[in-house]
Amino acid sequence: MSNADLIEQIKQLKQERNAVILAHSYQRAEIQDIADFVGDSLALARQAQAASCDVIVFCGVHFMAETACILNPSRTVLLPDTEAACSLEASCPADELAAFLEANRDKNYYVVAYVNCSIGVKALADVIVTSGNAQTIVAACPPDRPILFVPDRNLGAWTAAKCGREMTLWDGACHVHEQFTRDKILELKAAHPGAPVVCHPECQEPIRLLADHICSTEKMIPYCQSSEAGSFIIVTESGILHRLRKLIPGKQFIAAGTEKCSCAECEYMKLNTLEKIRNCLRDMSPEIRVPKDLRLRAEKPLLRMLELSK
Ligand code: 13P
Ligand code: SF4
């Protein structure tokens, strides 16, 4: 079936089901184009919380759909492909975090969890952050408690340096952002002199040191819009380039590649397809559900984050 036919079917089903389609900026171009809203984790969490329709089709990865469920439990949340996982989430299993906290009870850690984690980890956290608000949230953490930041050691190290606050970092990382190499970026800088390097904080420090600007996917848009530069080297998952090119048509965006590929792709984000969106709306499945007790515990640190980053 052609994309045009699939899009027509999705439109019809969306109306019948009273559904909204939320998509992360790393989704395939054709998914971003049919979504009602495209954004980063923070903007998507806000949209999910405010959604008044019956069904939310979450085009992103599992923890994002789970977050939508936690924040708006009376809606049906569909994830087109339940295999859409996240290596950062996998790097911090809830039982390992619970065991670490138990073994370090005397430290009385204030747990700051990056939203890229499971509901079990969120339930153990004091506050959640996204890459878009990590500095604001950490700056508001109790000054008399040591901070444990999970699961991303790169976002954690960047936030700690920016806030001038020492933090214990969980040893987790995103496999996509850890693939970038200095050599590739230096090559691109030589080929595009004057193009600022814009990098996501999930990148390792040697990469961050080459960046002119470090920010969440969402903040890349106003930065590139307002910059006087005409071209940019974008160091994050390549899905954001579609959005940047669409919103800022007069400028050039160059994807920073890896040793293996000329662009960096998150295979989990790319599992969602138009066909799977049509199927999930037709079958009302796969649906993401969360246990009530865990939901209530995970909701608290999420609401604290949303309150602090208004
Ligand atoms: P953003 O919140 O910046 O969109 O990041 C989400 C993510 O998964 C980055 O890899
Ligand atoms: Fe997770 Fe990395 Fe994919 Fe983002 S890019 S969803 S952090 S695996």
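Only this structure's heavy atoms are used, side chains among them; waters, hydrogens and symmetry mates stay out. For ligands, and for the atoms within them, numbers begin at 1 and follow the listed sequence. Predicted model, so just to flag it, every value in this text is computed and none were measured.
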> Which atoms of ligand 1 sit under 4.0 Å from any heavy atom of His177?
Replying inline: 10 (O)
> Thinking salt bridges, do Arg289 and Glu287 make one under a 4.0 Å N-O criterion?
Replying inline: yes
> Under 3.5 Å, N or O to N or O, is His24 touching ligand 1 that way?
Replying inline: yes
>> Suppose we measure from atom 9 (C) of ligand 1 to each protein heavy atom; which comes out shortest, and what is that distance?
In response: Glu202 OE2, 3.0 Å
>> Under 4.0 Å from a heavy atom of Leu88: which atoms of ligand 2 are those, numbered in the order shown and with their elements?
In response: 7 (S)
>> Heavy-atom contact check, 4.0 Å cutoff: does His175 meet ligand 2?
In response: yes
> Of all the heavy atoms in Asn116, does at least one lie under 4.0 Å from an atom in ligand 1?
Replying inline: yes
> Atoms of ligand 1 less than 4.0 Å from Thr217 heavy atoms?
Replying inline: 1 (P), 3 (O), 4 (O)
>> Tell me the protein heavy atom at minimum distance from atom 2 (O) of ligand 1, and give that distance in Å.
In response: Ser41 OG, 2.9 Å
>> List ligand 2 atoms under 4.0 Å from Asn116, heavy atoms only on the residue side.
In response: 7 (S)
> Touching ligand 2 at all, Glu202? Heavy atoms, strictly under 4.0 Å?
Replying inline: yes
>> Is a donor from one side chain sitting under 3.5 angstrom from an acceptor on the other, for His242 and Glu30?
In response: no
> Which of the atoms of ligand 1 are close to Asp40, meaning less than 4.0 Å from one of its heavy atoms?
Replying inline: 1 (P), 2 (O), 4 (O)
>> Applying the side chain to side chain donor-acceptor pair (under 3.5 Å) criterion to Arg278, which one of Glu8, Gln9, Gln12 satisfies it?
In response: Gln9
> After noting the C-alpha distance and the side-chain angles of Thr82 and His62, does the key distance pass the side-chain hydrogen bond (donor to acceptor under 3.5 Å, both in side chains) rule?
Replying inline: CA-CA 7 Å; Thr82 47; His62 187 273; over 6 Å; no
> Are Asp40 and Lys219 close enough for a salt bridge, meaning some N to O gap below 4.0 Å?
Replying inline: no
> What residue and heavy atom of the protein are closest to atom 3 (Fe) of ligand 2, and at what distance?
Replying inline: Cys266 SG, 2.4 Å
> Taking atom types as modelled, is there a side-chain donor on Tyr114 or Glu202 under 3.5 Å from an acceptor on the other?
Replying inline: yes
>> Quick check: do Glu237 and Thr217 have side-chain heavy atoms less than 4.5 Å from each other?
In response: no
> So, is Cys174 placed with an N/O/S atom under 2.8 Å from atom 2 (Fe) of ligand 2, counting both backbone and side chain?
Replying inline: yes
> Got an N/O contact under 3.5 Å between Glu218 and ligand 1?
Replying inline: no
> In terms of ring plane angle, is the pair Phe232 and Phe253 parallel, tilted or perpendicular, where the classes change at 30° and 60°?
Replying inline: parallel
> Checking ring-ring contact (aromatic ring centres under 6.0 Å, His included) for the pair His200/Phe180: CA distance, chi angles, key distance, verdict?
Replying inline: CA-CA 11 Å; His200 196 277; Phe180 295 112; 9.9 Å; no
> What protein heavy atom sits nearest atom 5 (O) of ligand 1, and how far away is it?
Replying inline: His200 NE2, 3.4 Å
>> Against ligand 1, does Glu237 come closer than 4.0 Å with any heavy atom?
In response: no
>> Can you tell me which portion of Cys86 lies within the under-4.0 Å heavy-atom range of ligand 2? Options are side chain, backbone, both, or neither.
In response: both
> What are the atoms of ligand 1, with element, lying closer than 4.0 Å to any heavy atom of Ser216?
Replying inline: 3 (O)
> Are Lys14 and Asp36 ion-paired here, with the side-chain N under 4.0 Å from a carboxylate O?
Replying inline: yes
>> We want to know whether Asn154 and Glu178 form a side-chain donor-acceptor pair, criterion being a heavy-atom distance below 3.5 angstrom.
In response: yes
